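Here the structure comes first, spelled out in structure tokens, and everything after it is commentary.
Bear in mind the structure is a predicted one, so any value in this text is a computation, not a measurement. In what follows, chains are A, B, ... by sequence order, proteins preceding strands, each numbered from 1.
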Amino acid sequence: MNIEQHIVTATIAAVKQLYDQDIPENQINLQDTRSEFEGQITIVVFPVVRFSKKSPEATANELGEYLVANVQDVTAFNVIKGFLNLTIADSYWLNLFNKELLSPQFGSIKPNGQKVMVEYSSPNTNKPLHLGHVRNNLLGYSVAELLKADGYEVIKVNLVNDRGIHICKSMLAWQRWGNGETPESSFLKGDHLVGKYYVIFDKEYKKEIDRLKTEGQTEEEAKKNSPLIIEAQKMLQDWEAGDSEVIDLWKKMNGWVYEGFDVTYKNLGVDFDKYYYESNTYLLGKDTVDEGLENGVFFKKPDGSVWIDLTADGLDQKLVLRADGTSVYITQDLGTAQMKYDDFKMDQSIYVVGNEQDYHFKVLFLILEKLGKSWAKGLHHLSYGMVDLPSGKMKSREGTVVDADDLIAEMVATAKQKTEVLGKVNNFSEEEKEALYNQIGLGALKYFLLKVEPKKRLLFDPSESIDFQGNTGPFIQYTHARIKSLLNKGGYSTEVNAPEVAITATELEMIMLLSKYPSEISAAAKAYSPATLANYLYEVAKMFNKFYHEVPPIVKEEDSAVKQHRLNLSSVTASILKTGMNILGITVPERM
RNA sequence: GCCUUGGUAGCUCAGUUGGAUAGAGCAACGGUUUUCUAAACCGUGGGUCAGGGGUUCGAAUCCCUUCCAGGGUACCA
């Protein structure tokens, strides 16, 4: 039992003894004491006043006296307005550090026996990834890692949108204007090559629309009658019919895209346990529709289309199958959800998808619940805000995107340039340098994207480079490298017994902060929010740097117990920074 | 129109189940290196928490309302 729990229990007992009242545990409100006051733990006494029927100050004083007398490590108290500040013995904190934080198991949470699927990335295979996808990928990866750290068994899944009219557009444009261009012949990354033809299609399509409009057609008619779009639709039908020529082209071009994506994924450091392809799943869901019709959850309109009425739930009527029997988006998703569950029988399933699809997922989950799927309550849409440019939304077709590969390359180049200016890598080999630049550039990018709460939209200004100072990835990486260097120079060994020493105020603050690591992991996992972890790690790094500057050189410390203790503190800090950053998908260097 | 998510310092963001005088970073200004990595540390300035109303001992946080911005809105995904 930790000190907080002791205090809560004792406070309940105190209220019973002093006021003969039973106070519910949730009325006892503990918080960290603000640094300008004496003490470490504060009880907010206002809720207790209802039970004591005395003024906040009187209540606080009586509680304070009781706690000092009855709780072992509470050594003193002071009252400021309605706040009871408790001083906890230094020996308690030192003991907490030596016994718990220093143990190799610290921070690792036991498996909870639950299985969770995280679906993320889920790209279209007609264009390369851009900054919006980068946010998705980093978020998905780190949430998956976060859940692992919180004791879940995690399955990372990528549902690739590899079919449909948009894919046919690239294919058609390549067929018509490509002159047999390949990634090899043009030295263009496969996904970029395919994306190039997607843009060409759009350009030519627009030209045709303009031409048809000058011939007297309306915009809508022109969009429908353009020979180009008709041909693309024909191609989609051929694809569905299994036309071998179309299928071959499709396989070839998708193959290029996958090669390209693999490079980007590798650079981003994300991975998947299982790929699903929509070309295999797009026909799913019709069974589910039948099921819904049978048990009356769905109904059929006279034209034969199938619907669900969600107006009682404050939503609309929603089409789940077209009159001609073909699927819509949600049909597939119903079927795919069932298939995923059948494959893995997971307790939870998380969809990392942008907030533009909030409504879709609300409907999807509600339908599955109405169909009586026991696993529907485990479904969760991890919705995140769009990444916007100062000019507004990114649009692939119009080329107003920040390309993922370009951005990564720029970040690494910036890292290189900044590192060279500092001149600390002269004794690095070329390979070590390259690895370091990669680590720092990606660390800056990932931290920049992950430190923001997922649901908030994110503004990215390409003209302002991402910082490498202050609340950034490189700052935390630097702190880690600095500690590693310190441990080396100090001849650190974990074998030495935990020393009994006097601790400074900053050390005490550090111990309190470090001790929160496990609960920070759990809280971040429950909120599906790497951002809270990122901000915590920044606090830890900042705290270490403060400590490092305050304390005389540890390496030269003559009191061996003090030296050992400070190295211990440094070491625990380093390992929290390392494992925490790894959860964010960021690696930390040994030196930089 | 309706539904939904945001609005906190010049900029980018934190802010726990409502708790003390709303915090960081960047940018600006000043200081710190014969001492373990200055991508660091210390300090100064900077706020109508979008506006208004309400609940409460106490509101950035909860409720109502207005404004602004993003997203969605029945056969795109």
Side-chain angles (χ1 to χ4, degrees), chain A residues 26 29 31 33-34 36-37 42 44-47 49-50 56 80-83 85 122 124 161 164-166 278 303 305-308 310 314-324 326-333 353-360 362-363 383 385-386 388 392-393 415 418-419 421-422 424 440 444 448 451-453 455-461 464 466-479 481-490 523 527 531-532 534-535 538-539 541-542 544-546 548-557 566-567 570 591-592:
Chain A
N26 66 10
N29 193 336
Q31 55 185 257
T33 304
R34 293 176 64 119
E36 61 263 40
F37 304 116
T42 293
V44 184
V45 297
F46 296 105
V49 170
R50 268 180 39 225
I80 298 185
K81 295 195 260 177
F83 297 87
N85 303 322
S122 305
N124 294 338
N161 186 337
I165 188 72
H166 50 297
E278 285 201 12
D303 68 353
S305 57
V306 181
W307 296 73
I308 183 167
L310 298 170
L315 305 174
D316 303 306
Q317 289 198 353
K318 182 84 185 169
L319 176 90
V320 294
L321 196 70
R322 291 192 186 101
D324 63 5
T326 58
S327 301
V328 288
Y329 178 44
I330 203 152
T331 323
Q332 294 178 46
D333 266 7
V353 179
N355 63 10
E356 58 202 348
Q357 295 194 37
D358 284 357
Y359 184 74
H360 169 76
K362 216 167 163 181
V363 170
S383 166
M386 297 289 103
D388 288 327
K393 248 188 125 166
K418 288 194 188 277
T419 306
V421 168
L422 292 173
K424 297 184 195 174
I440 297 174
F448 176 81
K451 76 172 176 183
V452 179
E453 203 57 42
K455 74 175 168 186
K456 293 213 179 174
R457 66 186 260 260
L458 206 142
L459 187 74
F460 178 80
D461 188 345
E464 281 179 37
I466 293 174
D467 279 324
F468 284 66
Q469 284 171 354
N471 188 359
T472 67
F475 169 73
I476 299 171
Q477 291 174 317
Y478 167 75
T479 306
R482 192 182 220 191
I483 296 172
K484 284 298 176 166
S485 160
L486 169 64
L487 295 175
N488 273 332
K489 289 196 176 154
T532 61
N535 286 301
Y538 172 61
E539 292 296 324
K542 209 166 47 155
F544 177 82
N545 282 302
K546 181 184 173 185
Y548 183 88
H549 275 271
E550 254 178 35
V551 136
I554 297 166
V555 170
K556 295 180 184 160
E557 176 61 52
R566 289 184 177 158
L567 291 175
S570 305
R591 48 193 190 129
M592 73 182 265

Inset, instruction - Nearest-nucleotide wise, let me know which of A:His360 and A:Ala541 is further upstream toward the 5' end of RNA chain B. - result: A:Ala541

Students often get this wrong, so: under 4.0 angstrom with heavy atoms, is [X] touching a base, only sugar-phosphate, or nothing?
X: A:Leu459; answer: sugar-phosphate
X: A:Gln317; answer: base
X: A:Phe46; answer: base
X: A:Gln31; answer: base
X: A:Phe468; answer: base

Would you indicate which nucleotide in [options] comes nearest to any side-chain atom of [X]?
X: A:Pro47; options: B:rG15, B:rC75, B:rG19; answer: B:rG19
X: A:Asp358; options: B:rG71, B:rU4, B:rG19; answer: B:rU4
X: A:Phe37; options: B:rA39, B:rC75, B:rA20; answer: B:rA20
X: A:Lys542; options: B:rG72, B:rA39, B:rA24; answer: B:rA24
X: A:Arg591; options: B:rC75, B:rA40, B:rU37; answer: B:rU37
X: A:Tyr548; options: B:rA77, B:rG71, B:rA38; answer: B:rA38
X: A:Arg322; options: B:rU35, B:rU37, B:rA77; answer: B:rA77
X: A:Asn471; options: B:rG25, B:rC36, B:rU21; answer: B:rG25
X: A:Lys455; options: B:rA77, B:rA20, B:rU5; answer: B:rU5
X: A:Lys456; options: B:rA20, B:rG7, B:rG72; answer: B:rG7

Inset, instruction - Report yes or no: is the ring centroid of A:Phe83 under 5.5 Å from the six-membered base ring centroid of B:rA20, with the two planes under 30 degrees? - result: yes

Base paired to [N] (Watson-Crick or G-U; both N/O distances under 3.5 angstrom):
N: B:rU17; result: none
N: B:rU12; result: B:rA24
N: B:rU55; result: none
N: B:rG43; result: B:rC29
N: B:rU35; result: none
N: B:rA69; result: B:rU5

Taking donor-acceptor contacts at under 3.5 Å, does the side chain of [X] reach the base of [N]?
X: A:Asn85; N: B:rA20; answer: yes
X: A:Thr532; N: B:rA14; answer: no
X: A:Thr419; N: B:rA39; answer: yes

Between [X] and [Y], which heavy-atom pair has the shortest distance, and what is it?
X: A:Asp324; Y: A:Thr326; answer: OD1-OG1, 2.6 Å
X: A:Ala541; Y: A:Ile476; answer: CB-CG1, 4.1 Å
X: A:Gly354; Y: A:Ser383; answer: C-OG, 4.3 Å

Inset, instruction - Measure the spacing between CG of A:Asn545 and CD of A:Glu550 and express it to the nearest 0.5 Å. - result: 11.5 Å

What distance, rounded to whole Å, do you find between the two [atom1] atoms, one in [N] and one in [M]?
N: B:rC62; M: B:rG1; atom1: C1'; result: 28 Å
N: B:rG7; M: B:rA50; atom1: P; result: 7 Å
N: B:rC68; M: B:rC29; atom1: P; result: 38 Å
N: B:rG46; M: B:rA28; atom1: C1'; result: 10 Å
N: B:rA20; M: B:rG15; atom1: C1'; result: 15 Å
N: B:rA22; M: B:rU61; atom1: C1'; result: 11 Å
N: B:rA59; M: B:rG54; atom1: P; result: 12 Å
N: B:rA74; M: B:rC3; atom1: C1'; result: 14 Å

Inset, instruction - Indicate the ring-plane relationship of A:Phe83 and A:Phe46, choosing parallel, tilted or perpendicular according to the 30° and 60° boundaries. - result: perpendicular

Legend entry - Phosphate contact (B:rA38 OP1 or OP2) by A:Lys424 side-chain N/O below 4.0 Å: no

Inset, instruction - Tell me whether the OP1 or OP2 atom of B:rC36 has a side-chain N or O from A:Ser485 closer than 4.0 Å. - result: no

